[in-house]
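Following: one structure in structure tokens, then a few remarks.
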Amino acid sequence: MTHSIEALAEVASSYDVIVLDQWGVLHDGNRAYEGTIESLTTLASEGHRLAVLSNSGKSSRENLNRIIQMGFPPELFETVMTSGEALWQDINRGKVSHRDFFPIERRLGDALYWAKGLNITINTQFSFAQAILLMGLPDGSILSDWQSILHDALQKKLTVYCSNPDMASPRGEETVISPGVLSYYYQDQGGKVVNYGKPYHPIFLSMQNALDVKPNRLLMVGDSLDHDIKGAHDAGWDSLFVIGGLNKKYFADGDHQLVLSTMAKEQNLPMPTYMIQAIK
């Protein structure tokens, strides 16, 4: 049974490092959640180690800068790791053979900025692409906006490298679709997809090695059952599910324990170790 807690401090001492998701846990895409900065700053001052593990197509450095701009102290998190960073590192190490990428990005220029230091080409002329870099979507996107490009990619048998497999992300009070919607659609249509990030085991192992901590001493804090909680479960980590994040509308009424267990059963997903309304 998932234990309901009121504050992260109730369980913090049971773990060597607390690893936090970004969107839906630290902030809503626009600003930090009320009380989160203060709560985490207090935990850090008491000696608790904190880290961030985010499904973001951008680099770890860019995400740290985003977090700092929202008011989080720069020294608060020991490590910030993103799925975009993991893909960058694999390309840099020669683990990815493709060199010409057609970008799908949230803002024009995101892919070029991300690719600095890599011996690759970001090519907006689709006909020259060897593969697709799927790192973000403009807010307001819907799947049908991209089906024509994905259909052409299928015809060319292009591999899609998705550096953010999330299906949705909060933007203030709104929820927008994320690149995972496209990557899973492409895969369902028979296309080849290489997903980086949660819930896939490599990024959890990379974080674990970076922190030099055994899996049973790590707590993953997230608001996605299919990415944060499943990934942590498969990696042998404990997990804390934030019900006030991406799925908050489902927890507006009714018994939280029942809602959570129903969601997990319907999606055939593991239950988290704990649940909490918000980080405080």
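When every heavy atom of S39 is checked against every heavy atom of I279, the shortest pair comes out as OG-O, 4.1 Å. Of all non-hydrogen atoms in S178 and A168, the two that sit nearest each other are OG-C, 3.4 Å. Shortest non-hydrogen contact noted between M135 and A111 is SD-CA, 3.5 Å. Nearest heavy atom pair, residue G117 against residue N92, reads O-OD1, 4.3 Å. Nearest heavy atom pair, residue A44 against residue L50, reads CB-CD1, 4.2 Å. Across all non-hydrogen atoms, the minimal contact from A115 to I122 is CB-CG1, 4.0 Å.
Applying the salt bridge (charged side-chain N to carboxylate O under 4.0 Å, His left out) test to pairs two or more places apart or on separate chains, those with a residue in residues 148-171 are D139-R171. For the salt bridge (charged side-chain N to carboxylate O under 4.0 Å, His left out) condition, no pair includes a residue of residues 265-279, sequence neighbours left out. Identified under the salt bridge (charged side-chain N to carboxylate O under 4.0 Å, His left out) test for residues 27-50, with sequence neighbours left out: R49-E78. Legend: salt bridge (charged side-chain N to carboxylate O under 4.0 Å, His left out) pairs involving residues 107-133, not counting sequence neighbours, sorted by first then second residue: K58-D110.
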Exercise for the section: List the steps and the verdict of side chain to side chain donor-acceptor pair (under 3.5 Å) for D90 and Y196. Expected result: CA-CA 10 Å; D90 270 7; Y196 279 78; 2.7 Å; yes

Problem - Stepwise side chain to side chain donor-acceptor pair (under 3.5 Å) check, S224 with D226 - result: CA-CA 6 Å; S224 169; D226 53 351; 2.6 Å; yes

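Inter-residue side-chain proximity for Q257 and M1 is flagged as met; some heavy-atom pair is nearer than 4.5 Å. In this structure, F72 and F77 have side chains that are in contact, with non-hydrogen atoms separated by less than 4.5 Å. Within the 4.5 Å cutoff, the side chain of W114 has heavy atoms near those of the L87 side chain.
Checked by atom type and distance alone, the side chain of H256 pairs as donor or acceptor with a backbone atom of F251 at under 3.5 Å. At distances below 3.5 Å, not a single donor-acceptor pair connects side-chain atoms of D228 with backbone N or O atoms of M220. In this structure, S59 contributes its side chain and E85 its backbone to no donor-acceptor pair below 3.5 Å. Although no hydrogens or angles enter the test, the distance criterion places a donor-acceptor pair under 3.5 Å between the side chain of S83 and the main chain of S163.
As a member of the Ile/Leu/Val/Met/Phe/Trp/Tyr network built from side-chain separations under 4.5 Å, L258 groups with nothing else and remains a singleton. Other cluster members for F128: none, since no ILVMFWY side-chain heavy atom sits under 4.5 Å from it.
For the atom pair CG (L118) and CD (Q89), the distance works out to 8.5 Å, reported to the nearest 0.5 Å. The NZ atom of K280 lies 10.5 Å from the OG1 atom of T36; values are rounded to the nearest 0.5 Å. The CG atom of N164 sits 14.0 Å away from atom CD of E105, with the distance rounded to the nearest 0.5 Å. Between the CG atom of L43 and the CG atom of L76 there is a distance of 9.0 Å, given to the nearest 0.5 Å. Residue Q130 holds its CD atom at 10.5 Å from CD1 of I120, rounded to the nearest 0.5 Å. Note that the OG1 atom of T2 and the CE atom of M275 stand 6.5 Å from one another [nearest 0.5 Å].
Applying the ring-ring contact (aromatic ring centres under 6.0 Å, His included) test to H48 and every residue at least two apart in sequence or in another chain returns nothing. Looking at residues two or more places apart in sequence or on another chain, you find a ring-ring contact (aromatic ring centres under 6.0 Å, His included) between F102 and F126. Residues passing the ring-ring contact (aromatic ring centres under 6.0 Å, His included) test with Y161, sequence neighbours excluded: H98, F101. Remark: H151 engages no residue in a ring-ring contact (aromatic ring centres under 6.0 Å, His included) (not counting sequence neighbours).
Applying the 6.0 Å contact sphere to CG of D255 captures more than 12 heavy atoms from other residues, nucleotides or ligands. Counting non-hydrogen atoms of other residues, nucleotides and ligands closer than 6.0 Å to CG of D188 gives a total above 12.
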Using a 3.5 Å cut-off and no angle test, enumerate the donor-acceptor pairs between side-chain atoms of residues 203-211 and protein atoms at least two apart in sequence or in another chain.
| residue | atom | partner | partner atom | Å |
| --- | --- | --- | --- | --- |
| S206 | OG | P202 | O | 3.0 |
| Q208 | OE1 | W237 | NE1 | 3.3 |
| N209 | ND2 | L205 | O | 3.3 |

Can you give the donor-acceptor pairs under 3.5 Å from side chains of residues 8-25 to other protein atoms, not counting sequence neighbours?
| residue | atom | partner | partner atom | Å |
| --- | --- | --- | --- | --- |
| E10 | OE2 | E6 | N | 2.8 |
| E10 | OE2 | A7 | N | 3.0 |
| Y15 | OH | D238 | OD2 | 2.5 |
| Y15 | OH | Y274 | OH | 2.9 |
| D16 | OD1 | R217 | NE | 3.3 |
| D16 | OD1 | R217 | NH2 | 3.0 |
| D16 | OD2 | R217 | NE | 3.4 |
| D21 | OD1 | K198 | NZ | 2.9 |
| Q22 | OE1 | H27 | NE2 | 3.0 |
| Q22 | NE2 | S54 | OG | 3.1 |
| Q22 | NE2 | N63 | OD1 | 2.9 |

